[in-house]
Amino acid sequence: MTSGTAPLPVVEAKTFCGICEASCGLIATIDNDRVTELRPDPDHPTSRGFACSKGVMFHHVAADPDRVLHPMRRKTDGSFARATWEEALDDVGRRLESIQRAHGNESIGIAYGNPVAWSFAAAVTASGLATSLGTRHLYSSASVDVNNYFAAADLLYGNTLIYPLPDFVATDFALIIGANPVVSHGSMVTTGRIRDVLVGIPERGGRVVVVDPRRSETAQLFEHLPIRAGADPWLLAAMLRVIFDEDLIDVSVVRAQTSGIAGLRDMVARFDLDRAAVETGIDAAVIAELARALATARTACVYGRCGASLGRYSTLTKFLLDALAIVTGNLDRRGGMVFGHSMIEAKGTGDLGGSGRNRWKTRVRGVGEVNGTAPMACMAEEITTPGKGRLRALIALSTNFVSSAPGSSQTIAALDELELMVSLDPYLTETSSRAHWVLPPTVWLEREHLPIFTQTQSTVPNAQWVAPLVPAPGEARDDAWILEQIAHRIGETTLGIPGAKLLARIGIRFSPAQLIDLAVRLGPHGDLFGLRRKGLSRRKLMATEGAVKLADDCPVGVFDAKIQHTDRRVHLLHAEIGSEIDRLIDGIDDPRYPLRLFSVRELRSHNSWLHNIPRLMSGDRRCRALMSPTDAAAAGLHDRDDVTIVSAWGEVRVPMVVTDEIADGSVGLTHGWGHEGGWRTAIAAGGANYNVLTPNDTNQIDRPSGNAFLNGIPVTVTRSDER
Ligand SMILES: Nc1nc2c(c(=O)[nH]1)N[C@H]1C(S)=C(S)[C@@H](COP(=O)(O)OP(=O)(O)OC[C@H]3O[C@@H](n4cnc5c(=O)[nH]c(N)nc54)[C@H](O)[C@@H]3O)O[C@H]1N2
Ligand SMILES: Nc1nc2c(c(=O)[nH]1)N[C@H]1C(S)=C(S)[C@@H](COP(=O)(O)OP(=O)(O)OC[C@H]3O[C@@H](n4cnc5c(=O)[nH]c(N)nc54)[C@H](O)[C@@H]3O)O[C@H]1N2
Ligand code: SF4
Ligand SMILES: [Mo]
């Protein structure tokens, strides 16, 4: 046997999970260039020995027999044929060049999805390519998720990326609006073992109140306040009104930290408690008690996620939520809301992608950009509407937007009009299978890996940077490499800095790793190129096993350094918020659609994928609608009926479960199901695409942020055989 064929020794290496924002520490067993086992890392500073079933199963994704491992070209009959990288890149390059010549760079677009948050190189490269092209067609899944956070942060704190974190570990009172961290493991805050941390609050005498139309896995553990889906801004504004009316604001803190308090008081004075009670389904007396409890708690934090972020008025909702913490003196306070302390400052990370808002507007509907990106809700019309700058070629990167973005039927129809669609995806999904080319990316076990996004929001600041654990299988290549190859063929760069093209021409190129290393070394914990002996750099981190803890918790007393408005104050008065309040108060319900639909996320799903791993799909896993016994009886429906859910924008057929988990007036539906393409287990799971029911009409989405409207959709539900 020669040394070239000798089996490699079985080794272990530390990494972290690149699926969700918990970014749990993992230990991988590597046998002959394959990851054969993943288990929790007991020494990771945040996750401390926790990992969920998805994380420890991820090597089954890497080894999935349905995984795309070679460039694939779609044939006229819709099936795919294998091609070489040269053929793929040359064809993509030629077609893009001809679009460039005929219509200019502004007709080429990029759409990226959630997994980019775990691929720093892809994130840097995709935004760099969009900058080089000078195109406004850069669509981010943030617009179906968190743009409202960014818009509220811009208004309140003066920068889209400065969002304070709930200090769950030290708080006396946690108000959780539309989040299910026991299942999701937290979002827009990275707190390891989040379930245990939350359980610790009542154990030390505090309170956790969960506002949710469903008695979720989180609500079951704490005080559950059922609310009608989509009614959160009514609850929050009414609570603020009580706090003002009863003089419960923390006057000295508010005087020191804010401007516009009188304006905020006038805005919430427009909310009547009795109407708020009707809108939310929560008694006025209960709303008032909740407001008093929050305001008088020794410390309190407020936290809202997808239930609050995917409503029709999501920026208003997030603004009011933060305002509750601010007026009660809980900002920049231990046990209240704290600011992250990362190895790369959030603002710095954002500056690479251009943090900001409303610096330009979309071509067709004039919706303002957020962090340099346009809303996915606008994409279909940008493809179908003629004129200069029409979107003609789309590079889709780790997104399954046919399932995850609103208006799926319109999106599917629009994709037919694209002259070129290229999808970088490890699977043939309902999105990628509509592309002309599907190009095979590595997954996070196979590439250099650092928690670029979640390191900014970890409540135990830490740093980790790992080398690829195993080589890329088949012909898979890093997303960043693929984008660079495409850019190279059309005379563009992937470095989003001024003068990048000139530098490239004289042979000076920076890799994404070099760029991020620079940000780390010059960052708050960086080695300043030797000036700070114990400081961090890529080289040092990669030589370290596991993650490095940077502090026990986030700092307090950093208000002046974090607030980015030039007067160093939180701004509470905004015309944009005033007009959202007008829209909310003047809104009229359509009597044809009396129920409110909301999304249900499951432990062993991740958004619209991970449905192809048999071990994650075992047991009774199916797409289903959930309805309260009272609403079901009123509509003559029974458990297990096949029902049709109809909204103003579409309809789906699904089986129904009648359960007292659901509040009257709301209907739950699992999202991310109803697959097409080449992932056989996912397709066999059946189900329907939730987002057939949601609007891509920009009059319906959140105005200040362009965030999609996916929760609180007015619907009606009937038995399918009665239609
Ligand atoms: N109705 C409804 N819709 C929703 C939501 C909801 O609550 N309700 N939630 C929204 C939220 S919060 C989000 S974040 C979005 C997510 O929506 P998307 O951003 O579209 O993300 P996913 O559905 O997670 O799909 C990720 C895709 O990336 C592929 N992928 C995985 N890893 C890699 C990789 O390393 N490289 C590449 N190139 N591809 C990869 C997967 O195969 C999959 O096709 O969905 C939103 N849609
Ligand atoms: N297992 C698992 N974990 C995940 C994901 C996943 O798909 N599966 N996705 C990841 C991603 S990308 C994200 S962004 C996070 C999301 O993290 P979370 O937001 O914590 O997760 P969701 O399940 O979307 O929680 C939303 C909660 O809001 C409730 N809700 C729905 N509509 C309303 C409403 O109008 N008002 C109120 N008050 N509540 C409402 C729902 O019943 C649900 O309990 O999870 C991440 N982690
Ligand atoms: S909780 Fe999220 S980060 Fe942790 S193992 Fe599960 S999927 Fe991975
Ligand atoms: Mo998300």
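Read the numbers this way: they start at 1 and go in the same order the structure lists the ligands and their atoms.
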Against heavy atoms of [X], which atoms of ligand 1 measure under 4.0 Å?
| X | answer |
| --- | --- |
| Val144 | 10 (C), 11 (C), 15 (C), 46 (C) |
| Arg447 | 34 (C), 35 (O) |
| Leu310 | 6 (C), 7 (O) |
| Ser141 | 19 (O) |
| Asp479 | 34 (C), 35 (O), 36 (N), 37 (C), 38 (N) |
| Pro441 | 36 (N), 37 (C), 38 (N) |
| Thr429 | 44 (O) |

### Task
Please state whether the separation between atom 2 (Fe) of ligand 3 and some N/O/S atom of Cys20 is under 2.8 Å?
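It does: Cys20 brings an N, O or S atom closer than 2.8 Å to atom 2 (Fe) of ligand 3.
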
Is [X] touching ligand 2 with its side chain, its backbone, both, or neither, if touching means heavy atoms under 4.0 Å apart?
| X | value |
| --- | --- |
| Thr218 | neither |
| Lys54 | side chain |
| Ser187 | side chain |
| Asn607 | both |

Option of least heavy-atom distance to [atom] (set: [options]):
| atom | options | result |
| --- | --- | --- |
| atom 41 (C) of ligand 2 | Leu626, Val600, Asn180, Asp212 | Asp212 |
| atom 27 (C) of ligand 2 | Gly178, Ser608, Pro115 | Gly178 |
| atom 9 (N) of ligand 2 | Glu602, Glu661, Arg214, Arg601 | Arg601 |
| atom 20 (O) of ligand 2 | Gly307, Ala117, Ala663, Ser184 | Ser184 |

When you measure from [atom] to every protein heavy atom, which one gives the shortest distance, and what is it?
| atom | answer |
| --- | --- |
| atom 1 (S) of ligand 3 | His185 ND1, 3.2 Å |
| atom 8 (Fe) of ligand 3 | Cys17 SG, 2.3 Å |
| atom 4 (Fe) of ligand 3 | Cys24 SG, 2.4 Å |

### Task
Determine, using heavy atoms of Pro426 and all atoms of ligand 1, whether some pair is separated by less than 4.0 Å.
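Pro426 counts as a contact of ligand 1 under the 4.0 Å cut-off.
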
### Query
Judged by non-hydrogen atoms, does Thr442 sit under 4.0 Å from ligand 1?
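The answer is yes, since Thr442 has a heavy atom less than 4.0 Å from ligand 1.
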
Regarding [X] and [Y], does a basic nitrogen lie under 4.0 Å from an acidic carboxylate oxygen?
| X | Y | value |
| --- | --- | --- |
| Arg305 | Asp145 | yes |
| Asp212 | Arg601 | no |
| Arg228 | Asp664 | no |
| Arg312 | Glu580 | no |
| Glu475 | Arg67 | no |

### Message
Report whether any nitrogen, oxygen or sulfur of Cys52 sits less than 2.8 Å from atom 8 (Fe) of ligand 3 (N, O or S, backbone or side chain).
### Response
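No, Cys52 does not qualify, because none of its backbone or side-chain N, O or S atoms lies under 2.8 Å.
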
Given the side-chain rings of [X] and [Y], with only the six-membered ring counted for Trp, is the space between their centroids under 6.0 Å?
| X | Y | result |
| --- | --- | --- |
| Phe16 | His44 | no |
| Tyr303 | Phe168 | yes |
| Trp118 | His449 | no |
| Trp444 | Phe58 | yes |

### Query
Which atoms from ligand 2 have a heavy atom of Ser605 less than 4.0 Å away?
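Counting atoms of ligand 2 from 1, those under 4.0 Å from Ser605 are 1 (N), 2 (C), 6 (C), 7 (O), 8 (N).
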
### Query
Taking only heavy atoms of Val211, which atoms of ligand 2 are found under 4.0 Å from at least one of them?
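The list of qualifying atoms is 37 (C), 38 (N), 39 (N).
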
### Message
One residue to check: Ser23. Relative to ligand 3, which of side chain, backbone, both or neither has a non-hydrogen atom less than 4.0 Å away?
### Response
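For Ser23, only backbone atoms sit under 4.0 Å from ligand 3.
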
### Query
Just distances here: any N/O of Leu424 and N/O of ligand 1 closer than 3.5 Å?
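N/O-N/O distance below 3.5 Å exists for this pair.
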
